Undergrad: 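Supplied in structure tokens, the structure appears directly below.
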There are 2 protein chains.
Amino acid sequence: MTEQTPLRPTRQRVAVAEALASVDDFRSAQEIHDLLGRRGEPVGLATVYRTLQRLADAGEVDLLRTEDGEAVYRRCSTTHHHHLVCRGCGATVEVEGPAVERWTRSIAGEHGFTDVSHTLEIFGTCRSCSASPATD
Amino acid sequence: MTEQTPLRPTRQRVAVAEALASVDDFRSAQEIHDLLGRRGEPVGLATVYRTLQRLADAGEVDLLRTEDGEAVYRRCSTTHHHHLVCRGCGATVEVEGPAVERWTRSIAGEHGFTDVSHTLEIFGTCRSCSASPATD
DNA sequence: AGAAACGATGAGAACGATTGTCAAATCGCC
DNA sequence: GGCGATTTGACAATCGTTCTCATCGTTTCT
């Protein structure tokens, strides 16, 4: 389980990692796959999925679910943090809130829960998107 | 948008609502569908989905996504709250944290975001589950 | 009551995201 | 230079969810 066969840095894996590095918001596996294709570095869809999963398992990318359940990934700092995401353009800001961390742990403790984790995402409309209406 | 055609209290809708009322943790549409079938109140799968969606839209049930993106529903109080969910047995506790609400709003404001919402779920292992290992 | 009008239902098809399959390509290493 | 293990990719398969559409149940109008 904790055992990891050493990963080989194949062309495909590097390409996926670079694609993630080149954008700063959340992207779905399919979007990454398209992006790579357009970039002239085609990578099979299955491979993109596999690679993103590994990266997420390794904690090198953050994974979250859109409202309709689609998985989206983003390269992030490795410390614990949350996201403030714009509904319009997807722009993402990493935020930290020690108080929240403490609160969740204590609430969970009060109810006898152990081994606590949590998810917290904030959604809103960023300044530029509230200025100009949906360019969707 | 805010306009709602009055819902008819059909046998199916009542059945779904009752099924939700009879359990106190999150269930997927398919689970509700199965439950109703076993109970001798068969309701078409599509209808279950439709009904759950409406209930969720109306704020009468909470909707959240499991780790693998499946939508699960639960009958809840109508005030804003979050959930503390046991990974083992699914037992759910509703929790409130005014401080968190304030924090998310202010963080979002600092970054120029408006029309702010957020999701926050806490996962852990409840007392009985940490006593007896996975009865799964 | 009878008929028209309309929302609601359900069986199954359609869909879209994700995962599985498996033969062929590639890499690290002897 | 070749070998075995890993990785890849085209495609099929899965799974949750939504759509389609003919039919049904109510309500309303006459």
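Please read all numbers here as calculations on a predicted model, not as lab measurements. Worth knowing before you read on, the calculation uses all heavy atoms, side chains too, and leaves out hydrogens, waters and symmetry mates. To find a chain, count down the sequence lines: A is the first, B the second, and so on, and within it residues start at 1.
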Undergrad: Grouping I, L, V, M, F, W and Y whenever their side-chain heavy atoms are under 4.5 Å apart, do A/Ile107 and B/Phe123 come out in a common cluster?
TA: no

Undergrad: For a quick check of understanding: with a heavy-atom distance under 4.0 Å over all strands, which category does B/Gln53 fall into, base, sugar-phosphate or nothing?
TA: sugar-phosphate

Undergrad: Using only heavy-atom distances, determine whether the side chains of A/Arg39 and A/Ser22 contain a donor-acceptor pair under 3.5 Å.
TA: yes

Undergrad: If the plane angle is over 60° it's perpendicular, under 30° parallel, otherwise tilted; pick one for B/His82 and B/His118.
TA: tilted

Undergrad: Quick one: which of D/dG9, C/dT18, D/dT17 gets closest to the side chain of A/Tyr49?
TA: C/dT18

Undergrad: Please state how far atom CD in B/Glu31 lies from atom C1' in D/dC15, giving the value in whole angstrom units.
TA: 14 Å

Undergrad: Taking for each residue the nucleotide of DNA chain D with the nearest heavy atom, is it B/Val72 or B/Arg50 whose nucleotide lies nearer the 5' end?
TA: B/Val72

Undergrad: Is a donor from one side chain sitting under 3.5 angstrom from an acceptor on the other, for A/Gln12 and A/Thr51?
TA: no

Undergrad: Kindly say if B/Arg65 contacts the phosphate of C/dA17, meaning a side-chain N or O under 4.0 Å from OP1 or OP2.
TA: no

Undergrad: B/Glu31: what forms a salt bridge (charged side-chain N to carboxylate O under 4.0 Å, His left out) with it, not counting sequence neighbours?
TA: none

Undergrad: Please figure out whether B/Thr47 or A/Pro9 has its closest DNA chain C nucleotide nearer the 5' end.
TA: B/Thr47

Undergrad: I want to verify a distance call: between C/dT18, D/dG16, C/dA8, whose nearest atom is closest to the B/Gln30 side chain?
TA: D/dG16

Undergrad: Roughly, in whole Å, what's the span from CG in B/Leu45 to P in C/dA11?
TA: 10 Å

Undergrad: Verify the contact: side-chain N or O of B/Arg13 to OP1 or OP2 of C/dT9, cut-off strictly under 4.0 Å; return yes or no.
TA: yes

Undergrad: Of the nucleotides D/dG9, C/dT18, D/dT20, which has the atom closest to the A/Ala29 side chain?
TA: C/dT18

Undergrad: Of all the nucleotides listed (C/dG10, C/dT18, D/dA10), which has the minimum atom distance to the side chain of A/Ala46?
TA: D/dA10

Undergrad: Please name all residues satisfying salt bridge (charged side-chain N to carboxylate O under 4.0 Å, His left out) with B/Arg27, sequence neighbours left out, ordered by chain then number.
TA: B/Asp25

Undergrad: Starting from A/Val48, can I reach A/Val61 by hopping between I/L/V/M/F/W/Y residues whose side chains sit under 4.5 Å apart?
TA: yes

Undergrad: Taking only N/O atoms, report every protein-nucleotides 1-5 of chain D pair under 3.5 Å with atom names and distance.
TA:
none

Undergrad: Of the nucleotides D/dT8, C/dT18, C/dA8, which one has an atom closest to the side chain of A/Thr10?
TA: D/dT8

Undergrad: Check the distance between C/dT18's C1' and B/Glu70's CD and give it to me in whole angstrom.
TA: 14 Å

